[in-house]
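Computation of the quantities below employed the complete heavy-atom set of this structure, encompassing side-chain atoms and omitting hydrogens, waters and symmetry-equivalent molecules. The structure presented is a predicted model; accordingly, all values stated were derived computationally and were not measured.
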Amino acid sequence: MKTPFVTYFENLQGKSVAVLGLGVSNRPLVRLLLEFGCSVSGGDRTERDKLDAEVLELEKQGCKLYLGEHFYETMTADVAFRTPGMHPDSPAVNALREKGARITSEMEAFFEVCPCDIIAVTGSDGKTTTTTLISEMLKAEGKTVWLGGNIGTPLLPLVRQMGREDVAVVELSSFQLMDMRHSPRVAVVTNLAPNHLDVHKDMEEYVEAKKNIYRFQDNDGILVINADNAITAPLRGNGVTKAFSRMGQGRMCLTDGVICRDGYPVLDTKDILLPGVHNIENYMAAMLAVEGLVSDDTVRTVAKTFGGVEHRIELVRIKDGVQYYNDSIASSPSRTIAGLRSFDEKVILIAGGYDKHIPYDMLGPEICAHVKKLFLGGATGPLIREAVEKCTGNKPEIVDCGDFTSAVRAAAAAAQAGDIVLMSPASAAFDQFKNFMVRGEYFKKLIMEM
């Protein structure tokens with residue numbers, strides 16, 4: 001008997017299939033399509049002389065390449081797979097759609113053919129840590145877990161290895177969710193705040209994209225929401241909606257430093273290895289997501305042993321009594337605020353970067369409350385300075401450094417024994433780096449070279 005996976009790809013045989021965007025996440029998809037004998041074309045804005053060897057190898061294997069800024073003008077296809085970073089109303093997608101192509105994505109295909117239950121997580125902040133926590137809890141319970149999505153691993157090529165009793169744990173970005181027509185059995189929305197408004201038309205479009213994570217659930221679906229977040233609190237799924245809250249308004253609540261489920265104590269927050277109240281929320285979200293699948297004893301074991309995810313308030317080094325933390329994931333003000341609140345004392349903050357056209361007003365008072373010296377760089381440096389200068393009362397010393405390297409070195413030079421230097425930019429990395437991971441690695445390199 002053919003599996004849904006095999007049937008899906010056999011149904012594409014004899015059709016022309018376009019893959020829009022030839023980044024790392026889409027290349028396994030191209031290989032799969034070629035394996036099943038599909039007529040495959042790949043479109044990418046990158047010029048031929050800047051392509052890496054892996055893409056050129058795909059061409060040798062039979063993928064016809066369309067390259068350059070307007071690659072889509074001569075492309076045609078019956079089916080087109082959109083890369084997550086490409087807006088569904090982008091010129092490339094619209095051009096293929098107008099020529100008759102059915103638009104889909106690697107993640108949409110995965111949801112159609114995955115043989116096991118899917119738990120998916122989205123949100124503005126905390127989604128990677130929450131996704132990883134869910135995965136760690138399930139694995140500690142003895143489950144076979146497949147972790148991927150926006151977290152970095154393409155899952156579609158792995159479907160043939162998955163069993164019905166396994167669990168797929170998936171992080172989903174707003175870009176992946178924008179035109180999704182499938183929802184997981186368990187959906188988690190950690191919180192919502194302005195983000196990615198350089199890509200989304202407005203905040204409404206951003207929130208509506210996030211809602212797709214549960215919009216297509218049936219009556220058996222489970223939605224986990226943050227009752228303390230103004231945008232997520234009113235959300236309700238088609239099945240069961242479970243809320244978590246540090247303020248005592250949900251199934252999973254914080255009471256006198258203990259996470260309780262329906263009033264029953266489950267986890268003392270002192271046992272959580274990760275710093276910060278935002279990670280208490282991440283734990284509550286994860287615990288609701290795995291309810292009925294993972295024992296409370298297993299949850300407690302994970303809390304005492306899980307050290308966190310790279311680039312998320314990651315301790316890089318202690319040198320001459322100074323602690324250096326890498327929080328490169330903080331590409332929005334709300335994420336940096338969570339990082340600042342993780343420390344009891346005022347920190348030396350390195351911030352600024354690419355401008356995603358989101359407001360910084362909320363960051364100003366938090367910097368005044370939690371920062372003693374502020375080192376700024378990038379396009380958002382002036383915006384962050386303006387937000388701080390609007391505050392009344394004590395303000396930190398502000399140093400404009402121009403670029404990231406100068407800001408890191410100036411902050412390190414100003415630090416004294418007992419200080420905490422936190423790189424938490426409140427901005428995307430694209431002004432100087434490919435992504436937040438590259439920025440984080442470069443920060444760690446600078447610190448380790450001191």
Spacing of [X] atom [atom1] and [Y] atom [atom2] [to the nearest 0.5 Å]:
{"X": "N326", "Y": "E310", "atom1": "CG", "atom2": "CD", "result": "7.0 Å"}
{"X": "F9", "Y": "L29", "atom1": "CZ", "atom2": "CG", "result": "6.0 Å"}
{"X": "L235", "Y": "K210", "atom1": "CG", "atom2": "NZ", "result": "12.0 Å"}
{"X": "F430", "Y": "F436", "atom1": "CZ", "atom2": "CZ", "result": "9.5 Å"}
{"X": "I222", "Y": "L288", "atom1": "CD1", "atom2": "CG", "result": "9.5 Å"}
{"X": "E98", "Y": "T76", "atom1": "CD", "atom2": "OG1", "result": "14.0 Å"}

Result of checking T122, V170, L147, V188 against T131 for side chain to side chain contact (heavy atoms under 4.5 Å, CB included):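 Answer after filtering T122, V170, L147, V188: L147.
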Indicate yes or no: at least one non-hydrogen side-chain atom of [X] is less than 4.5 angstrom from one of [Y].
{"X": "Y283", "Y": "T269", "result": "no"}
{"X": "V258", "Y": "L254", "result": "no"}
{"X": "F71", "Y": "L20", "result": "yes"}
{"X": "L422", "Y": "I350", "result": "no"}
{"X": "D228", "Y": "F244", "result": "no"}
{"X": "I118", "Y": "R185", "result": "no"}
{"X": "R215", "Y": "R181", "result": "no"}
{"X": "S135", "Y": "W146", "result": "no"}

N/O donor-acceptor pair under 3.5 Å between [X] side chain and [Y] backbone:
{"X": "N26", "Y": "L22", "result": "no"}
{"X": "T130", "Y": "G126", "result": "yes"}
{"X": "K304", "Y": "I272", "result": "no"}
{"X": "S427", "Y": "D355", "result": "no"}
{"X": "T83", "Y": "G21", "result": "no"}
{"X": "D166", "Y": "M162", "result": "no"}
{"X": "R31", "Y": "Q61", "result": "no"}
{"X": "S90", "Y": "H87", "result": "yes"}
{"X": "N226", "Y": "T232", "result": "no"}
{"X": "S295", "Y": "T298", "result": "yes"}

CA sep, side-chain torsions, deciding dist, call: Q217, V240, side chain to side chain contact (heavy atoms under 4.5 Å, CB included): CA-CA 10 Å; Q217 286 180 331; V240 177; over 6 Å; no
Of T153, T132, T128, the residue whose pairing with E171 passes side-chain hydrogen bond (donor to acceptor under 3.5 Å, both in side chains): T128
Pair E208-K211, salt bridge (Lys or Arg N to Asp or Glu O under 4.0 Å): steps then yes or no: CA-CA 5 Å; E208 287 303 309; K211 289 181 180 180; 3.2 Å; yes
Derivation and outcome, salt bridge (Lys or Arg N to Asp or Glu O under 4.0 Å), residues R251 and D262: CA-CA 5 Å; R251 284 278 318 282; D262 297 327; 2.7 Å; yes
I'd like to know if [X] pairs up with [Y] as an ion pair, taking the criterion as any Lys NZ or Arg NE/NH1/NH2 lying under 4.0 Å from an Asp or Glu carboxylate oxygen.
{"X": "K64", "Y": "E59", "result": "no"}
{"X": "K143", "Y": "E165", "result": "no"}
{"X": "R261", "Y": "D296", "result": "yes"}
{"X": "R300", "Y": "D271", "result": "no"}
{"X": "R27", "Y": "D52", "result": "yes"}
{"X": "E449", "Y": "K445", "result": "yes"}
{"X": "E35", "Y": "R160", "result": "yes"}

Between [X] and [Y], what is the shortest heavy-atom contact and its length?
{"X": "P157", "Y": "E106", "answer": "CD-OE2, 4.2 Å"}
{"X": "H182", "Y": "F111", "answer": "CB-CB, 3.7 Å"}
{"X": "P88", "Y": "V93", "answer": "O-CG1, 3.1 Å"}
{"X": "V277", "Y": "R246", "answer": "O-CD, 4.0 Å"}
{"X": "S41", "Y": "Y66", "answer": "CB-CE1, 3.7 Å"}
{"X": "L177", "Y": "A209", "answer": "CB-O, 3.2 Å"}

Residues I313, H278; criterion side chain to side chain contact (heavy atoms under 4.5 Å, CB included); working and verdict: CA-CA 11 Å; I313 318 183; H278 61 294; 3.5 Å; yes
Test log, rule side chain to side chain contact (heavy atoms under 4.5 Å, CB included), inputs K434 and R439: CA-CA 8 Å; K434 182 179 180 181; R439 176 172 62 189; over 6 Å; no
Side chain to side chain contact (heavy atoms under 4.5 Å, CB included) assessment of V224 paired with V189: CA-CA 6 Å; V224 177; V189 185; over 6 Å; no
Pair Y354-F433, ring pair (Phe, Tyr, Trp, His ring centres under 6.0 Å): steps then yes or no: CA-CA 9 Å; Y354 176 81; F433 304 97; over 10 Å; no
Exercise: do [X] and [Y] side chains pair donor with acceptor under 3.5 Å:
{"X": "Q323", "Y": "Y325", "result": "yes"}
{"X": "R82", "Y": "T104", "result": "no"}
{"X": "D78", "Y": "S16", "result": "yes"}
{"X": "Y442", "Y": "K444", "result": "no"}

